[in-house]
Structures are given as C-alpha cells and as structure tokens.
2 protein chains.
Amino acid sequence: MNIEARAQSFEEALRRAGVRITRQRAALLRVLAAAEDHPDAAQLHARATEAGAAVSLATVYRTLAALEAQGVILKLEFAGEPARFEPADGSHHDHMIDVETGEVREFVNERIERLQAEIAAEMGYEIVRHRLELYVRRRT
Amino acid sequence: MNIEARAQSFEEALRRAGVRITRQRAALLRVLAAAEDHPDAAQLHARATEAGAAVSLATVYRTLAALEAQGVILKLEFAGEPARFEPADGSHHDHMIDVETGEVREFVNERIERLQAEIAAEMGYEIVRHRLELYVRRRT
DNA sequence: TTTTGTGCAAAGACTTTGCACAGGA
DNA sequence: TCCTGTGCAAAGTCTTTGCACAAAA
C-alpha cells in the first residue's frame with residue numbers, strides 16, 4: 001500500500017468516527033503513513049514540523065488516540081521507552097528489539113500464536129490481545 | 001521456599017552487592033518475600049507501612065532497583081499500569097493478565113520458549129530477554 | 001453558525017534525584 | 001568513625017487535560 005492510499009484510509013477511519021480532518025491531522029496522517037520505522041509521539045511531532053506542518057504535541061497525542069480507538073494504528077509499549085506507533089494494516093505480527101541499536105523488526109509465527117491460544121484455553125481463558133517481544137542481540 | 005528463607009536470600013544478595021541492610025530494607029524484603037501477588041511500588045510501600053515499618057516511597061524504589069540489579073527480583077511492566085515486582089527464585093515463566101479483574105497468573109511453555117529462540121536464531125540474533133503477556137478474559 | 005479541534009500551559013501519574021541529616025558496619 | 005542510606009521535596013519523563021480561541025462542516 002502506498003503512502004497516499006494509506007493516509008486516505010486513515011482519513012476515512014477518522015471520518016467514520018465523526019472526527020474532522022484538519023490541516024494538522026492531514027499532515028500527521030501522512031507522516032504516519034510514510035513511517036517505515038516505529039516512531040514515538042515526539043518523533044512524529046518532529047517529522048510533521050520538519051515537513052512544514054506545525055502541529056502541537058498535544059494534537060499529536062490526541063490524534064494518535066483517535067486513530068488507535070479506530071483500530072487503524074497500534075500503540076507499542078516496549079520496556080522503558082515512550083510508546084511507539086505503527087499502522088495496523090497488515091496482518092498481526094510480533095516484535096524483536098535489538099537491545100544494542102534499538103532497531104525493531106517484525107516477525108510472525110503461526111505455531112506460537114496457536115500455542116498461546118491453547119495455553120489460555122487450558123486455563124479457562126480466551127485471549128483478548130497479547131504481547132510478545134524478543135529483546136535480542138546480533139549473534140557474533 | 002518459606003518467607004523468612006526468601007527474605008534471607010534477598011539480604012544475602014544485597015550484602016553481596018555491598019549494600020547495607022537497614023531497618024527499612026529488612027522490612028521491605030520481608031514484605032516482598034511474603035507477596036504472593038505481583039505488587040507495585042505503592043502497594044509494597046503500603047504493606048510495609050501497615051506492618052509497622054515506615055519506609056519512604058523513595059526508599060522502596062531505591063531498594064527495588066538494587067534488588068533488580070542483583071537479579072533477585074523481576075520488574076514487570078504490563079500495559080498501562082505502574083511496574084509490578086516479583087521474586088525471581090523459581091524458574092522462568094510468562095504472565096497471563098485477566099483484563100477484567102487484573103489478576104495475574106503465571107505459566108510456562110517449553111515449546112514457545114524453543115520457538116522464540118529458533119526465530120531469533122533464524123534472523124541472526126540471540127535472545128537477551130523476552131516478554132510474553134497474554135491479556136485474557138475468562139471463557140463464558 | 002455550530003460544534004469540534006488546536007495550542008498552550010498546567011496538571012497528572014509514575015519514577016528518580018539532590019541534599020542535609022541519620023544510622024549501619 | 002566513615003560512608004552509605006533515608007526522607008523530603010523537587011525535578012524528570014511521558015502523557016493528558018482545561019480553557020479560550022480558531023477553524024472544519
């Protein structure tokens with residue numbers, strides 16, 4: 001999905017929620033749509049500013065909250081750092097964080113997903129959501 | 001392991017680190033050793049106070065940091081709540097959080113552990129630590 | 001025009017820290 | 001005695017919010 005199309009789908013999601021598309025939000029949606037990493041609120045704010053669209057940090061947080069409520073972005077809360085955000089288009093995946101560089105990589109493993117569901121079921125629960133993060137170091 | 005024995009092992013760990021055992025720390029270690037749930041700093045503070053041992057919240061945080069640095073307790077950072085702590089005696093386990101009640105249950109699954117290591121290895125990494133949390137709801 | 005959004009600064013939640021005094025070893 | 005620990009309050013970090021003004025629809 002290209003950047004503009006993704007930004008459009010963010011706009012639709014917000015409109016669906018009865019939220020207005022303002023200059024600030026439009027700019028922020030494009031910054032988010034273009035992000036290939038997993039930026040935090042401050043980084044998104046900086047990128048929007050850099051792109052010439054002044055947006056206050058408060059608005060960044062408010063817009064992120066609205067997008068998250070609509071389920072079009074995901075909030076990632078890794079250990080000991082500010083929350084990061086990513087578009088929620090694709091399929092579910094988990095994260096691997098390089099403790100040396102801070103780089104985040106995504107991965108999926110069907111077997112792990114299945115095992116999680118089984119474990120929960122055995123204990124009498126169903127999974128609402130889960131969080132699996134591998135903090136890793138490059139092998140030498 | 002009974003409470004006193006566990007508290008003793010905490011003391012030893014601190015002494016090994018060249019940390020003094022003060023009245024406050026001794027009290028806190030006992031509160032921690034007795035905890036069967038996964039209390040946060042404020043709860044530990046309240047329990048110590050209730051037990052008649054006044055400890056400031058700052059000291060609670062400082063002592064928890066020292067214990068964590070020694071590896072005898074683990075800091076759990078679940079989504080959207082203050083950090084919780086648990087003794088690190090037993091074997092490794094992951095956590096299942098009931099989103100309705102906040103109750104935390106522990107579980108282990110050897111297969112998931114192995115799969116995680118495999119995934120990391122395939123991508124050229126080794127795991128430093130990991131975090132697996134299932135946010136669940138009781139099945140109806 | 002009506003209603004929601006924005007920016008700012010203040011407040012909030014959790015955690016850490018500087019400093020002067022207290023108290024372990 | 002010497003040096004670390006303690007309590008307090010202040011500061012720090014990330015995030016949310018009240019309010020008056022601005023701007024979508």
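Worth knowing before you read on, the calculation uses all heavy atoms, side chains too, and leaves out hydrogens, waters and symmetry mates.
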Original post:
On DNA chain D, nearest-nucleotide positions of Gly18(B) versus Leu57(B): which is more 5'?
Top reply: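 The residue closer to the strand's 5' end, by nearest nucleotide, is Gly18(B).
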Subject >> Terminal axis angle for the helix from dT1(C)-dA25(D) to dA25(C)-dT1(D), five pairs an end, nearest 10 degrees >> reply: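 Inter-axis angle at the ends, rounded: 30°.
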Original post:
Hey, mind stepping through Glu4(A) and Gln8(A) against side chain to side chain donor-acceptor pair (under 3.5 Å) and telling me if it holds?
Top reply: CA-CA 6 Å; Glu4(A) 189 48 33; Gln8(A) 291 291 343; 2.9 Å; yes
State whether [X] places a side-chain N or O below 4.0 Å from either non-bridging phosphate oxygen (OP1 or OP2) of [N].
{"X": "Gln24(B)", "N": "dG7(D)", "value": "yes"}
{"X": "Thr59(A)", "N": "dG7(C)", "value": "yes"}
{"X": "Thr22(A)", "N": "dT6(C)", "value": "yes"}
{"X": "Arg25(B)", "N": "dG5(D)", "value": "yes"}

Atom-to-atom span, [atom1] of [X] to [atom2] of [N] - whole angstrom:
{"X": "Leu28(A)", "N": "dT6(C)", "atom1": "CG", "atom2": "C1'", "answer": "13 Å"}
{"X": "Phe78(A)", "N": "dC14(D)", "atom1": "CZ", "atom2": "P", "answer": "16 Å"}
{"X": "Leu14(A)", "N": "dA24(D)", "atom1": "CG", "atom2": "P", "answer": "15 Å"}
{"X": "Arg84(B)", "N": "dC14(C)", "atom1": "CZ", "atom2": "C1'", "answer": "15 Å"}
{"X": "Leu76(A)", "N": "dT15(D)", "atom1": "CG", "atom2": "C1'", "answer": "17 Å"}
{"X": "His45(B)", "N": "dC14(C)", "atom1": "NE2", "atom2": "P", "answer": "15 Å"}
{"X": "Glu81(A)", "N": "dG12(D)", "atom1": "CD", "atom2": "P", "answer": "22 Å"}
{"X": "Leu64(B)", "N": "dT15(C)", "atom1": "CG", "atom2": "C1'", "answer": "11 Å"}

Subject >> Proximal nucleotide (of dA23(D), dA25(C), dC8(C)) relative to the Arg20(B) side chain >> reply: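 Nearest to the side chain of Arg20(B) among the choices is dA25(C).
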**OP:** Starting from the 5' end of DNA chain C, give me the residue, Arg23(A) or Arg23(B), whose nearest nucleotide shows up first.
**Re:**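 With Arg23(A) and Arg23(B) compared, the 5'-side residue is Arg23(A).
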Subject >> Upstream residue (5' side of DNA chain C) when Ala65(B) and Ile21(B) are each assigned their closest nucleotide >> reply: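 Its nearest nucleotide lies further toward 5', so the answer is Ala65(B).
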Original post:
What distance separates Gln24(A) CD from Thr63(A) OG1, expressed to the nearest 0.5 Å?
Top reply: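 The OG1 atom of Thr63(A) is 8.5 Å from CD of Gln24(A), to the nearest 0.5 Å.
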Subject >> Spacing of Leu134(B) atom CG and Arg105(B) atom CZ [to the nearest 0.5 Å] >> reply: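 Going from CG on Leu134(B) over to CZ on Arg105(B), the span is 12.0 Å.
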Using a cut-off of under 3.5 Å, enumerate the N/O to N/O pairs linking the protein to nucleotides 17-20 of chain C.
unit_1, atom_1, unit_2, atom_2, d
dG18(C), O6, Arg62(B), NH1, 3.4

**OP:** Determine, for Arg47(B) against Asp40(B), whether the closest basic-nitrogen to carboxylate-oxygen distance falls under 4.0 angstrom.
**Re:**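 Judged by the 4.0 Å cut-off on N to carboxylate O distance, Arg47(B) and Asp40(B) do not form a salt bridge.
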Original post:
Less than 4.0 Å between a side-chain N and a carboxylate O, is that true for Asp98(B) and Arg137(B)?
Top reply: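 Salt bridge flag = no for Asp98(B) with Arg137(B).
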Original post:
Which part of the nucleic acid, if any, lies within reach of Ala26(B) when heavy atoms closer than 4.0 Å are counted: base, sugar-phosphate only, or nothing?
Top reply: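 Since no nucleic acid heavy atom lies under 4.0 Å of Ala26(B), the category is nothing.
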**OP:** Name the nucleic acid region contacted by Ala66(B), choosing base, sugar-phosphate or nothing; use a 4.0 angstrom heavy-atom cut-off, strictly under.
**Re:**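 No contact at all - Ala66(B) keeps every heavy atom at 4.0 Å or more from the nucleic acid.
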Original post:
Do His45(A) and Glu50(A) get their side chains close enough for a donor-acceptor pair, meaning under 3.5 Å?
Top reply: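 Not at all, the side chains of His45(A) and Glu50(A) share no donor-acceptor pair under 3.5 Å.
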Original post:
Could you go step by step and tell me if Gln43(B) and His38(B) meet the side chain to side chain donor-acceptor pair (under 3.5 Å) rule?
Top reply: CA-CA 9 Å; Gln43(B) 290 172 314; His38(B) 300 74; over 6 Å; no
Per-pair distances, 0.1 Å, donor-acceptor, side chain in residues 72-83 of chain A, under 3.5 Å, sequence neighbours excluded:
unit_1, atom_1, unit_2, atom_2, d
Glu81(A), OE1, Arg84(A), NE, 2.7
Glu81(A), OE1, Arg84(A), NH2, 3.2

Original post:
Just one of Arg16(A), Arg25(A), Arg30(A) clears the salt bridge (charged side-chain N to carboxylate O under 4.0 Å, His left out) bar with Glu11(A), so which one?
Top reply: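 Result: among Arg16(A), Arg25(A), Arg30(A), Arg30(A) is the only option passing the salt bridge (charged side-chain N to carboxylate O under 4.0 Å, His left out) with Glu11(A).
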Original post:
Below 6.0 angstrom between ring centroids: does that apply to His130(A) and His95(B)?
Top reply: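 Ring centroids of His130(A) and His95(B) are no less than 6.0 Å from each other.
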